[in-house]
Amino acid sequence: MKRRRVGRREHADPFMEELNPGDASEPEGRGTGGAVTDYDGDGMLDLILSHGESMAQPLSVFKGKQGLKNHWLRVIPRTKYGAFARGAKVVLYTKKSGAHLRIIDGGSGYLCEMEPVAHFGLGKDEASSLEVTWPDGKIFTRGIAEGEMNSVLEIAYPLEEDSVTKPTAIECGQGFSMNENGHCADTDECIQFPFVCPREKPICINTYGGYKCRPNRRCNRGFEPNEDGTACVAVAQDST
């Protein structure tokens, strides 16, 4: 199994970077599907590959061996009927690394379906608050207690009589602040600190939970200068 990362460049051919999948390369494997899940409930995501398209082969399960002491949190939003809330948006605010976004989708694995769980790997960071938005627009916000780290949180659909925001202290984390509606919103550092960027990269661009500085080079829509300002590359999509 080969894995490549492809990126676009303005007025040039796309660039392709080959990645090393390690043990999961399976040169003799005849895989037909793959999914990522917490197979054994230890907070570490495992890779599962299915086989059998051209000949019988057993499932392959690859377990992570790094970051076993890192923090994590798994969030399962539910519908009003108790089913998995597919289409829900889960935003986890942290004390150091800002906001992390997950979408409970209908299945994103190759010939497999991913688990309908918002999994957050946080390293040494800690969660401060959580916001869940259901497809019908209902929003639920609550703080995260220290003892809730490294666990699975089930978030029930809020009833009409429920308070949208739990009466707990909400910490938005770095790059965010509380708005007038009591929700965490992105702070525009480029407006709040107009001279935050150095002279060699004077253009400030606000990002979700932060900002970045780039050289003063003009690019067409959908492209931005690379780090040294020598070329225009495709704008990276935020996957947090």
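- Side-chain contact between Ile203 and Pro215 is absent, with no heavy-atom pair separated by less than 4.5 Å.
- Residues Arg218 and Cys232 share a closest heavy-atom pair of O-SG, 3.8 Å.
- No more than 12 heavy atoms of other residues, nucleotides or ligands sit less than 6.0 Å from atom OH of Tyr211.
- A search for side chain to side chain donor-acceptor pair (under 3.5 Å) contacts involving Glu115 returns Thr37, Arg74, not counting sequence neighbours.
- The two atoms that bring Phe223 and Ala234 nearest to each other are CD2-N, 3.5 Å, heavy atoms only.
- The 12-atom threshold is exceeded at CD of Glu200, counting heavy atoms of other residues, nucleotides or ligands nearer than 6.0 Å.
- Looking at Phe140 and Tyr157, their side chains never come closer than 4.5 Å, going by heavy atoms from C-beta outward.
- Interatomic distance, OG of Ser97 versus CZ of Phe120, reported as 11.0 Å (0.5 Å rounding).
- For Glu154, the salt bridge (charged side-chain N to carboxylate O under 4.0 Å, His left out) partners two or more places apart in sequence, or in a different chain, are Arg78.
- Among residues two or more places apart in sequence or in another chain, the salt bridge (charged side-chain N to carboxylate O under 4.0 Å, His left out) test is passed with Glu131 by none.
- Here Asp42 pairs with Asp38, Asp40, Met44, Lys63 under the side-chain contact (heavy atoms from CB on, under 4.5 Å) rule; sequence neighbours left out.
- Under the side-chain contact (heavy atoms from CB on, under 4.5 Å) criterion, Cys197 pairs with Cys204, Cys213, sequence neighbours left out.
- Considering only residues two or more places apart in sequence or on other chains, Trp72 meets the ring pair (Phe, Tyr, Trp, His ring centres under 6.0 Å) condition with none of them.
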Verdict with reasoning, Val152 to Ile76, per side-chain contact (heavy atoms from CB on, under 4.5 Å) = CA-CA 7 Å; Val152 180; Ile76 305 177; 3.7 Å; yes
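- Glu148 pairs by the side-chain contact (heavy atoms from CB on, under 4.5 Å) definition with Arg142, Ile144, Ala145, Ser151, Leu153, not counting sequence neighbours.
- The closest side-chain heavy-atom distance from Lys89 to Val132 is not below 4.5 Å.
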| request: Could you walk me through whether Thr141 and Leu130 pass the side-chain contact (heavy atoms from CB on, under 4.5 Å) test, one step at a time? | output: CA-CA 6 Å; Thr141 306; Leu130 173 73; over 6 Å; no
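- Leu122 and Ala127 get closest at one heavy-atom pair: CD1-N, 4.1 Å.
- Residues satisfying the side chain to side chain donor-acceptor pair (under 3.5 Å) test with His71, not counting sequence neighbours, are none.
- Apart from Tyr39 itself, the hydrophobic cluster it occupies contains Ile48, Leu59, Val61, where clustering links Ile, Leu, Val, Met, Phe, Trp and Tyr at side-chain heavy-atom distances under 4.5 Å.
- The shortest heavy-atom contact between Thr79 and Phe84 is CG2-O, 3.7 Å.
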Quick one: do Ser177 and Cys184 satisfy side-chain contact (heavy atoms from CB on, under 4.5 Å)? Show the steps, please. CA-CA 5 Å; Ser177 58; Cys184 294; over 6 Å; no
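- In terms of heavy atoms, Arg86 sits closest to Pro116 at NH1-CB, 3.6 Å.
- Residues that satisfy the ring pair (Phe, Tyr, Trp, His ring centres under 6.0 Å) test with Tyr93, not counting sequence neighbours, are Phe176.
- In this structure, Lys95 and Asp125 have side chains that are in contact, with non-hydrogen atoms separated by less than 4.5 Å.
- The minimum heavy-atom distance between Gly98 and His100, with the atom names listed, is O-CD2, 3.7 Å.
- Inter-residue side-chain proximity for Asn150 and Leu73 is flagged as unmet; no heavy-atom pair is nearer than 4.5 Å.
- Partners of Asn70 according to the side-chain contact (heavy atoms from CB on, under 4.5 Å) rule, which considers only residues two or more places apart in sequence or in another chain, are Lys124.
- Asn216 meets the side chain to side chain donor-acceptor pair (under 3.5 Å) test with no other residue; sequence neighbours excluded.
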